[in-house]
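Some notes on the structure that comes next.
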Amino acid sequence: MRICGIQGVSAIDFPGRIASVLFLGGCNFRCPFCQNPDLVLNLDSLETHMPDDVVRAIEHRAGFVDGVVVTGGEALIHGQELIPFIRRLRDVGMMVKLDTNGYEIEVLHEVLAQGLIDFVAMDVKTSLSRYEQAAGRSLNVRRIREAVTAILESGVAHEFRTTCVPGLVQEEDVCAIGSLLGSGARYVLQQFRNTSAALLDPRYAGITPYPSGVLQSFRDAIRPLVASVTVRGL
Ligand code: SF4
């Protein structure tokens, strides 16, 4: 398991918590609009923090932070190494939020079943019919369906979120996502940013984000299908 980045304090990444954020290197997807391409493709160019040191540092921050966000890359690819690591974070008093694309479904089932996470945020890239285009690889969309169901049935606090990339996410995709998630889901539409220093596929830097009115119309379209929907990043 490679911990390639640490943000000591964040007030926005874990709802209701002041949290540290851990960026785990490596990913099983190749989303062309990814804003962390080094975490996906260039791990050897990044510093690696030892899990023991990270747990100690977080324990020392316990007066300032009460949560840890485990994000990536894709954290669940670290499988059986990740599980004891999360347990250690809990042992030093931290609530844990997991950010995931959901594809490592076996590990997701395990962390949910063992009660290891307090909040899970799953990226739903687009409608299942064009998921491969958004994820940048061939895949089995049944695993995406299964991840959504596992999260909803777990009772763990959650959000599903979609970055609204023109060309990958249109209103018909948002409606299909709404049908996939269903009436128990909390959903977030995120604005696409093309201003990052580098996107995984540099051609995506040339894509103009949707105007705010388009995201608001997406919100209105999905609202009847899910429990709640918000727009982020306008
Ligand atoms: S945006 Fe896609 S490629 Fe980038 S870290 Fe997330 S799942 Fe992986």
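Atoms within a ligand are numbered from 1 in the order they appear, just like the ligands themselves. The structure displayed is predicted, hence computed values, not measured ones.
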Task: side-chain hydrogen bond (donor to acceptor under 3.5 Å, both in side chains) evaluation trace for Gln190 with Thr163 - done: CA-CA 5 Å; Gln190 298 183 145; Thr163 300; 3.1 Å; yes
- [ ] With 2.8 Å as the limit, jot down which protein N, O or S atoms are around atom 2 (Fe) of ligand 1.
- [x] Cys31 SG
Open item on the list: Taking Asp201 first and then Arg30, would you say they form a salt bridge - that is, a charged N and a carboxylate O separated by under 4.0 Å?
Closed with: no
TODO: Give a yes or no on whether a salt bridge exists between Arg143 and Glu106, defined as a side-chain N under 4.0 angstrom from a carboxylate O.
DONE: yes
Open item on the list: Check Arg88 with Asp91, please: is the shortest side-chain N to carboxylate O separation under 4.0 Å?
Closed with: no
Open item on the list: Please report whether the ring centroid of Tyr204 lies less than 6.0 Å from that of Phe192.
Closed with: no
Open item on the list: Which of the numbered atoms in ligand 1 are under 4.0 angstrom from any heavy atom belonging to Gly73?
Closed with: 5 (S)
Task: From Arg142 atom CZ to Thr149 atom OG1, the distance as rounded to the nearest 0.5 Å - done: 13.0 Å
